[in-house]
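What follows is a short report on a single structure.
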Number of protein chains: 2
Amino acid sequence: MFSKLTTQVLDRSKQIEYITKLMSCRRYSMNFEEPKGPCMITEIPGPKSKELMKQLDNVYNIGATQYLVNYDKSAGNYIVDADENILLDTYTQISTMPLGYNHPALLNVFKNEQNLRSLINRPALGVYPGTDWPKRMENILKQVSPKLPKITPMMCGACSNENAIKTAFIAYRSRERNNKDFTDAEKKSSILNQPPGCPDLSILSFKGAFHGRTIATLSCTHSMAIHKLDIPSFSQWPIATFPMYKYPLEDNRRENEKIDGKCLEEVEDLMVKHKRHFPIAGIIIEPIQSEGGDNHASPEFFQNLQKLCKKYGAALIIDEVQTGCGPTGKFWCHEHFNLPHPPDIMTFSKKMQMAGFFHSDEITVKLPSRIFNTWMGDPGKTILLEAIIDVINTQNLLDQVNKSGRRLYDGLEQLQNEFPDMLHSLRGKGTFIAINAKGTDLRNQIIMQLKRNGVQSGSCGTEAIRLRPALIFKEHHADIYLDIMRKVIRELSKERKRKY
Amino acid sequence: MFSKLTTQVLDRSKQIEYITKLMSCRRYSMNFEEPKGPCMITEIPGPKSKELMKQLDNVYNIGATQYLVNYDKSAGNYIVDADENILLDTYTQISTMPLGYNHPALLNVFKNEQNLRSLINRPALGVYPGTDWPKRMENILKQVSPKLPKITPMMCGACSNENAIKTAFIAYRSRERNNKDFTDAEKKSSILNQPPGCPDLSILSFKGAFHGRTIATLSCTHSMAIHKLDIPSFSQWPIATFPMYKYPLEDNRRENEKIDGKCLEEVEDLMVKHKRHFPIAGIIIEPIQSEGGDNHASPEFFQNLQKLCKKYGAALIIDEVQTGCGPTGKFWCHEHFNLPHPPDIMTFSKKMQMAGFFHSDEITVKLPSRIFNTWMGDPGKTILLEAIIDVINTQNLLDQVNKSGRRLYDGLEQLQNEFPDMLHSLRGKGTFIAINAKGTDLRNQIIMQLKRNGVQSGSCGTEAIRLRPALIFKEHHADIYLDIMRKVIRELSKERKRKY
């Protein structure tokens, strides 16, 4: 019943303690039902995780590995680690699990023989799609597209952004070329990476942004130096300042409006300045800067940004890789902004399982083989997405997100008011919430203590604790989270008072 | 029994013809057994494919779409289209299907409950790998790594190459930095895409190369202008000439040796020239340039290229995305070259289902979060790869590839000798074979006629017909291919004689 490993790595008295705790935790996690709450047996990483990490260290860099997971035992909002610790998961695999672990609807998907076959007959979808493919694409467009008529499927967020950027470049040059053929000079120079075939165009991105780690998306990413160091970059692509608001918003309205104005002015200055020198073919932006610290901007900021895009002929690319698929309480976060027009391109991945982008008719590339790769997506992920959308709709999960989000927000607000020397700048939509700690060290301590107490959470930026629970996170999960958060903050507060 | 669509799009006499042909073809494709041979009912694309393509055209660009496929009915080496035409597939979804369609061993994989769960509990593998993950990675390294101790999993070929290139850049700068910390200047400048943090380094690639369509890998890709037009590029990255041999090799040995020498000299010149100006951190090369036209280079060329890499401190990145996983008769194509050392990095994808790269200990990036993304691979694909490797081993499929390759090569050689005004430059290893037609038009005609006669084949470069069958392609499949190829060539030859 208990593995050899356990008896190897723990001495006898610890074994007894471990087994007692384990028996008590196991009551929580029988039969793939969701556990009643967190249950901690060992430190994290525990002895089994440590042993497996040692093994994994032989095959690749495990610097970012926190612990190993028993995915068979994880259920709903709870992740169960190799040592059978049960944690409430508010981070959900970097915000990628819309329905938590082992959701019964998803478990059924590949018990269907046709769906199963789609996993092992993986087509080159751009060339030989399956007969079911047009209907699947139509369904996804009809059900979740943000009023954009076209879809280009991909496999990950970075590739979606790479191809969104390429689409913007092609649209820009096609407009300049005005339906004329490519010139011979363009064809010849392009093969050798030179203009005019490979033109000196640019994409405008924002300080604090994260759009991926492939080399071109990394040129649009400015959240952390460690992601970018030593990697050559498109050094001429312009970078504008993202609004950084003062919180609480209701007390800082005028000041934040000024911040919006200044940032928009900077964007317009860059667009003018770049008209001749690396013209801006597109602006890429997250509706909420996620990796960069959960930085929000106002609907007015986005509305005016879209106006600037239209004025200067740049495509507006909204990157909903982290914000999309419901966590903000609307299916897409930018729906909060009441934009007069849909964006030209909107990219998605993560919770959606499949990745890609929706786009307008006008920006759709006309010639084949330009926005293209071998697989062009993955039917297995698309089938999962269909099942996910179905669960979101039939179980009204966006309502759930708004209710649980409200509970989380109110609880954190109270905590922030009680501990103003530790917590500040609470912000969020739906359950897509963040709160800042005073300083990076304190933030890291809070996250470590949360984990010790059975809550898996995530960080972003320099000070933020970010919440990224699944869409099935309910009010009672919020209460468990808030209880543990309160306990952690109270203890750290006492400790700090002792120290100073 | 016959869908509404069929009766809609065909008139009555054609209906009867269609149904008669269909009944005759269906004898071939019952019960998921491999059909006995190709069987053509309609033109390609047939009426059902056309109808579905019209539907698909509403949701994305279908310029590259050839026809729609009934993946449930496709089996082994035969692809069955929407109109139930049965084609012998020598292109296998752009060379991605190692075991053909609906292989029984793969169909079983996800009937295992634990494997099934891995599909719906997709981890962020860099942070929270499953308890089974270390063993899976170890197994793959042990079974197929080309003597490289480390693996970095990814999801597609382009991302594998992006991260291989990043790894080379980081290794180059780390060596220069000599274990010192990043400077403040590096950290600050990197966030803004500027040197010294984002240094002016380069990757050397070859004319005719294909390494992907993300923007940085596109800077290393020089096979077709249409892939590159309008996309900004790293214009300072050097491009060397790839050897372009005269065939048959045995009659042109001295000349081809000279070509090798000239190309290597050019590489060395570029490495010297770039020492101060965009130093070359790595050389990326395919063992056989695939998209660029199935261009082969000699073992001596690769051995000397490796020497140059070592002499000038550049990483040798071998891109086995298309050549890997057996089609050349060895698991990795570069094993044909007897390199004195393994390459620093070798990338893979396609037939492997999972993607990524193997690499040396020295080049492995030490700090976390530099070579990283959300998913870092996909357990579902890894589990498929394990099953694929198992079938390759137990059924000695590399032997099969060599036997079938020999049969194909001999048959094509005979044909080339008979029709020297139409075919030339036969070349290949295993079943990874290509033959050139005299001119692009003729090549395209041959491929179209092959398709009409029930053979799906692929093209590459300007003149080449490329063979990319599955590893389960046997001698009798080769015979069917050769019979149809002979028929097509003979008919086209007669037609040409009538014309001129």
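Just so we're on the same page: letters track the sequence lines, and every chain starts at 1.
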(message) For chain A, which candidate among R213(B), Q55(B), Q66(B), K228(B) shows the most heavy-atom pairs at distances under 4.5 Å?
(response) R213(B)
(request) Classify the angle between the aromatic ring planes of Y128(B) and Y91(A) as parallel (below 30°), tilted (30 to 60°) or perpendicular (above 60°). (result) perpendicular
(request) Examine whether an atom of I371(A) lies under 4.5 Å from a heavy atom of chain B, and if so say whether it belongs to the side chain, the backbone or both; otherwise answer neither. (result) neither
(message) What's the separation between atom CG in N193(B) and atom NE2 in H222(A), rounded to the nearest 0.5 Å?
(response) 5.0 Å
(request) Examine whether an atom of P149(A) lies under 4.5 Å from a heavy atom of chain B, and if so say whether it belongs to the side chain, the backbone or both; otherwise answer neither. (result) backbone
(message) Between H359(A) and chain B, with a heavy-atom cut-off of 4.5 Å, which part of the residue counts as in contact: side chain, backbone, both or neither?
(response) neither
(request) Compare every heavy atom of A216(A) with every heavy atom of I215(B), then report the nearest pair and how far apart it is. (result) CB-CB, 3.6 Å
(message) Can you tell me which portion of T96(A) sits under 4.5 Å from chain B's heavy atoms? Options are side chain, backbone, both or neither.
(response) side chain
(message) List the residues meeting side chain to side chain donor-acceptor pair (under 3.5 Å) with T214(B), not counting sequence neighbours, and say none if there are none.
(response) E162(B), T217(B)
(message) For a quick check under 3.5 Å, do N58(A) and E138(B) share a side-chain donor-acceptor pair by atom type?
(response) no
(message) Need one label for D200(A): side chain, backbone, both or neither, based on atoms under 4.5 Å from any heavy atom in chain B.
(response) neither
(message) Taking side chain as everything from C-beta outward and backbone as N, CA, C, O, which of these in S189(A) sits under 4.5 Å from a heavy atom of chain B? Side chain, backbone, both or neither.
(response) neither
(message) Distance check, rounded to the nearest 0.5 Å: S235(A) atom OG versus L192(B) atom CG?
(response) 11.5 Å
(request) Could you tell me whether the side chain of N61(B) and the main chain of K366(A) form a donor-acceptor pair under 3.5 Å? (result) yes
(message) Taking side chain as everything from C-beta outward and backbone as N, CA, C, O, which of these in F234(A) sits under 4.5 Å from a heavy atom of chain B? Side chain, backbone, both or neither.
(response) both
(message) Test your reading of the model: is there a side-chain donor-acceptor pair from T131(A) to the backbone of L68(B), 3.5 Å cut-off?
(response) no
(request) With a 4.5 angstrom heavy-atom cut-off, could you sort out which part of I226(A) is near chain B: side chain, backbone, both or neither? (result) both
(message) Please classify the contact between K350(A) and chain B as side chain, backbone, both or neither, with a heavy-atom cut-off of under 4.5 Å.
(response) both
(message) I need the I120(B) CD1 to L384(A) CG distance, nearest 0.5 Å.
(response) 8.0 Å
(message) What's the separation between atom CG in L229(B) and atom OG in S190(A), rounded to the nearest 0.5 Å?
(response) 4.0 Å
(message) Do the side chains of D230(B) and R177(A) get close enough for a salt bridge, i.e. N-O under 4.0 angstrom?
(response) yes
(request) Would you give the length of the straight line joining atom CH2 of W375(A) to atom SG of C156(B), rounded to the nearest 0.5 angstrom? (result) 7.5 Å
(message) On a heavy-atom basis, which atom in F169(B) and which in P232(A) lie closest, and how many Å separate them?
(response) CD1-CD, 3.3 Å
(request) Can you measure from CG (L106(A)) to CG (L116(B)) and round to the nearest 0.5 angstrom? (result) 10.0 Å
(message) Does any backbone or side-chain atom of L367(A) lie under 4.5 Å from a heavy atom of chain B? Answer side chain, backbone, both or neither.
(response) both
(request) Could you list the residues that satisfy salt bridge (Lys or Arg N to Asp or Glu O under 4.0 Å) with K381(B), not counting sequence neighbours? (result) D378(A)
(request) Let me know if L201(A) has heavy atoms under 4.5 Å from chain B in its side chain, its backbone, both or neither. (result) both
(request) With a 4.5 angstrom heavy-atom cut-off, could you sort out which part of F182(A) is near chain B: side chain, backbone, both or neither? (result) side chain
(message) Report which part of M155(A) has an atom under 4.5 Å of a heavy atom belonging to chain B: side chain, backbone, both, or neither.
(response) both
